[in-house]
Each structure stands twice: as structure tokens, then as C-alpha cells.
Amino acid sequence: MDCVPVVVALVVTISSIAIIHLLTRGNKPCPPKLPPGSLGLPVIGQSLALLRAMRGDGGSRWIRDRIDRYGPVSKLSLFGTPTVLLAGPAANKFTFFSSALSTRQPRSVQRILGEKSILDIHGADHRRIRGALLEFLRPDMLRTYVGRIDGEVRRHLDESWAGRPTVTVLPLMKQLTFDIISALLFGLERGAARDALADDSARMLEGMWAIPANLPFTAFSRSLKASRRARRVLEGITRGKKASQLLEHGNGKAPSNSNSDLITCLLSLTDDLGDRLLTDEEIVDNAMVALIAGHDTSSILMTFMVRQLANDPVTLAAMVQGK
């Protein structure tokens with residue numbers, strides 16, 4: 001019985017949105033030069049249809065059906081944002097080489113990851129932050145990270161793979177990817193804080209692929225709460241590392257390894273006048289992006305790699321012999 005008020009509120013909310021949309025749709029003049037298609041219901045748009053297709057591994061078919069219906073250019077609404085779908089070589093060229101366009105995440109994603117990330121800034125600020133991030137990824141520094149990554153991988157294999165007749169690969173790859181991100185990017189050691197951050201990062205990902213309705217029972221609402229918790233963790237790490245750098249400087253000590261992790265590296269960068277290159281907010285927002293960006297892509301790639309090796313004994317034997 002406790003869920004009845006929630007269900008009633010949900011029904012009333014959805015019904016109100018639909019009624020308002022139907023009453024106002026006919027009164028709005030159709031702006032000229034808009035592509036064919038429909039924006040659908042406010043906030044919802046075509047998001048539910050796309051998410052349903054993607055859960056059934058039918059995202060490509062959904063897009064193809066839309067192109068067949070409306071042509072290579074059409075309008076729609078995804079995750080609360082008016083959107084134009086472009087398809088074909090000419091559209092790709094226009095998207096990636098036209099100065100008239102700039103990349104920007106939906107407002108719902110900005111609310112989760114922050115507004116000062118490299119995903120949402122342009123011009124001089126984009127070049128400044130991109131240059132700062134590339135400092136951490138210099139080839140000579142990447143070589144120093146290999147040993148730390150190797151240690152995380154060996155520890156993971158000993159704890160989660162060794163002696164087990166079967167394993168479920170994808171969840172383990174996600175765990176391994178997160179452990180490497182936490183150690184290499186944030187300098188966060190194993191413990192309760194890292195475990196909590198792992199749970200929050202999963203919640204954040206769920207909200208990025210959800211209807212952006214900030215209601216108590218929605219995935220988006222849970223994602224915003226997880227984002228606030230994750231941000232507090234990263235803000236605390238940033239404050240702690242900044243205090244350590246100031247203490248070392250005040251004591252006249254040579255700074256410790258400024259590239260030991262991403263946050264330490266970004267805190268150590270200065271411009272030509274000796275001022276900090278990035279603000280604390282910019283560091284935290286881009287750390288939030290780094291937390292999310294490589295998680296699913298890397299873990300899925302490694303899962304398919306393991307699958308390929310399991311089905312290709314010749315290549316697996318060659319790798320084992322060459323270790």
C-alpha cells in the first residue's frame with residue numbers, strides 16, 4: 001500500500017504532460033526550415049523508444065528505421081534535448097569539419113558530470129584544458145604507468161580468477177578497469193572510499209542513459225545523488241593533494257612526483273605567469289569525466305578480447321608461450 005501514492009503521482013504527472021502537450025501543440029506555428037520528424041512528448045521525446053531498442057541490441061535498426069521514414073536528416077528529442085539526426089558521408093563531413101557546430105553534452109549529462117569538463121567547453125578554454133590533460137598522457141609518462149597497471153592486473157587475477165573453474169568476465173573487467181582508474185587517475189587506494197565511488201560511478205552511468213526526470217524514484221534522480229557523492233570524494237582528494245603541495249612548497253622541499261596521478265598532475269601545472277593552469281572546479285569536473293569515460297568502453301573491449309582468446313586456442317597458446 002505504501003507505493004500507491006507514488007504510482008498515483010506518476011500517473012498524474014505523465015497524464016498532465018500529455019494533456020499540456022496536446023493542448024499547446026496545435027497553437028504553435030511550425031518554424032520554417034526545420035527537418036522532418038517529431039519532438040514527441042516534452043522531456044520524454046523519443047528517449048524511451050531508443051532505450052528500449054538499445055536494451056534489445058536493436059539501436060542500429062532503430063536508427064535505420066528512422067532514416068527510412070524521415071530521410072538522412074530528421075529532428076527528434078533525446079534525454080530532454082531537441083536533437084537533429086544526421087546520417088551519411090556528407091552529414092559526417094559537415095558535423096566534424098564545419099565551424100558552425102560545436103560539441104555539447106545534453107543538459108542532463110552536464111548536471112551529472114559538471115559544466116567545466118572538456119566535453120562542454122570550446123575555444124581557448126578547451127585548448128587550455130586539453131593541453132593540461134595531455135601533460136598526464138605524455139609518452140614518457142605513460143611508460144611509468146605500465147608498472148602500476150601491471151600490479152593492479154596481477155592482484156586482480158590472483159584475487160578473482162586464480163583457482164576458479166569458471167568466471168563471469170564482464171563484471172570482473174569492470175571491476176579491474178575501475179581499480180586502475182582509481183589508482184592511476186586519483187591515487188585512491190583500496191578501501192571503503194573506493195568501493196563507494198565504484199557504486200556511485202555505476203549509478204551515474206545509469207542516469208546518463210535515462211529520462212532526465214528528477215523524481216525520487218527515477219534512475220536520473222539516483223544518478224544526481226551519486227554524482228554529488230562522487231564529487232565530494234574527488235573534491236576531498238583535490239583539497240588533500242593541494243594542501244600537501246602547499247606544505248612541501250612552504251617547507252622548501254622539492255615537490256614529490258607531480259605525475260603520480262591525474263589530479264596531482266593537474267594541480268602542479270602553471271601558466272607563463274606562474275598561476276595555476278586549472279581551477280579546482282575544472283579539475284574535479286574533468287576527473288568526473290575521466291571516471292566515466294573509459295569505464296564501459298575499456299571493460300567491454302577486454303571482455304571481447306578474453307572471449308576471442310577463449311575461442312582461439314592457437315592464438316592463446318602463442319600468447320602463453322611468449323610471456
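Position 1 is the first residue of the sequence; numbering continues from there.
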Open item on the list: Closer than 3.5 angstrom, by distance alone: can the side chain of N286 be matched with the main-chain N or O of I118 as a donor-acceptor pair?
Closed with: yes

Open item on the list: Determine whether a donor-acceptor pair (N or O, by modelled atom type, separation under 3.5 Å) exists between the side chain of S47 and the backbone of I44.
Closed with: yes

TODO: Answer yes or no: is there a donor N or O on one side and an acceptor on the other, between the side chain of T303 and the main chain of S299, under 3.5 Å?
DONE: yes

Open item on the list: Between R69 and D65, does any side-chain N to carboxylate O distance fall below 4.0 Å?
Closed with: no

TODO: Would you check if the side chain of E206 reaches a backbone N or O of A219 as a donor-acceptor pair within less than 3.5 Å?
DONE: no

Task: Salt-bridge present (R155, E152; N to O < 4.0 Å) - done: yes

Open item on the list: Treating D120 as the side-chain partner and Q105 as the backbone partner, does any N or O pair qualify as donor plus acceptor under 3.5 Å?
Closed with: yes

Task: From I292 atom CD1 to M204 atom CE, the distance as rounded to the nearest 0.5 Å - done: 4.0 Å

Open item on the list: How about CH2 on W62, more than 12 heavy atoms from neighbouring residues, nucleotides or ligands closer than 6.0 Å, or not?
Closed with: yes

Open item on the list: Between D68 and R64, does any NZ, NE, NH1 or NH2 come within less than 4.0 Å of an OD or OE carboxylate oxygen?
Closed with: yes

Open item on the list: Run the side chain to side chain contact (heavy atoms under 4.5 Å, CB included) test on L278 and K116 for me, step by step, so that the C-alpha distance in whole Å, both residues' side-chain angles and the decisive distance to 0.1 Å come before the verdict.
Closed with: CA-CA 10 Å; L278 301 184; K116 298 291 186 179; over 6 Å; no

TODO: Can you measure from CZ (R276) to CG (L266) and round to the nearest 0.5 angstrom?
DONE: 9.0 Å

Open item on the list: Closer than 4.0 angstrom, basic N to acidic O: yes or no for D199 and R229?
Closed with: no

Task: Lys/Arg N to Asp/Glu carboxylate O, D200 vs K225, below 4.0 Å - done: no

TODO: Taking only Lys NZ, Arg NE, NH1 and NH2, and the carboxylate oxygens of Asp or Glu, determine whether R148 and E189 approach each other closer than 4.0 Å.
DONE: no

Task: Short side-chain to backbone donor-acceptor contact, T218 and N214, under 3.5 Å - done: no

Task: T177 side chain vs M173 backbone, donor-acceptor pair below 3.5 Å - done: yes

Open item on the list: Given 3.5 Å as the limit, does a donor-acceptor pair link the side chain of S182 with the main chain of F178, or not?
Closed with: yes

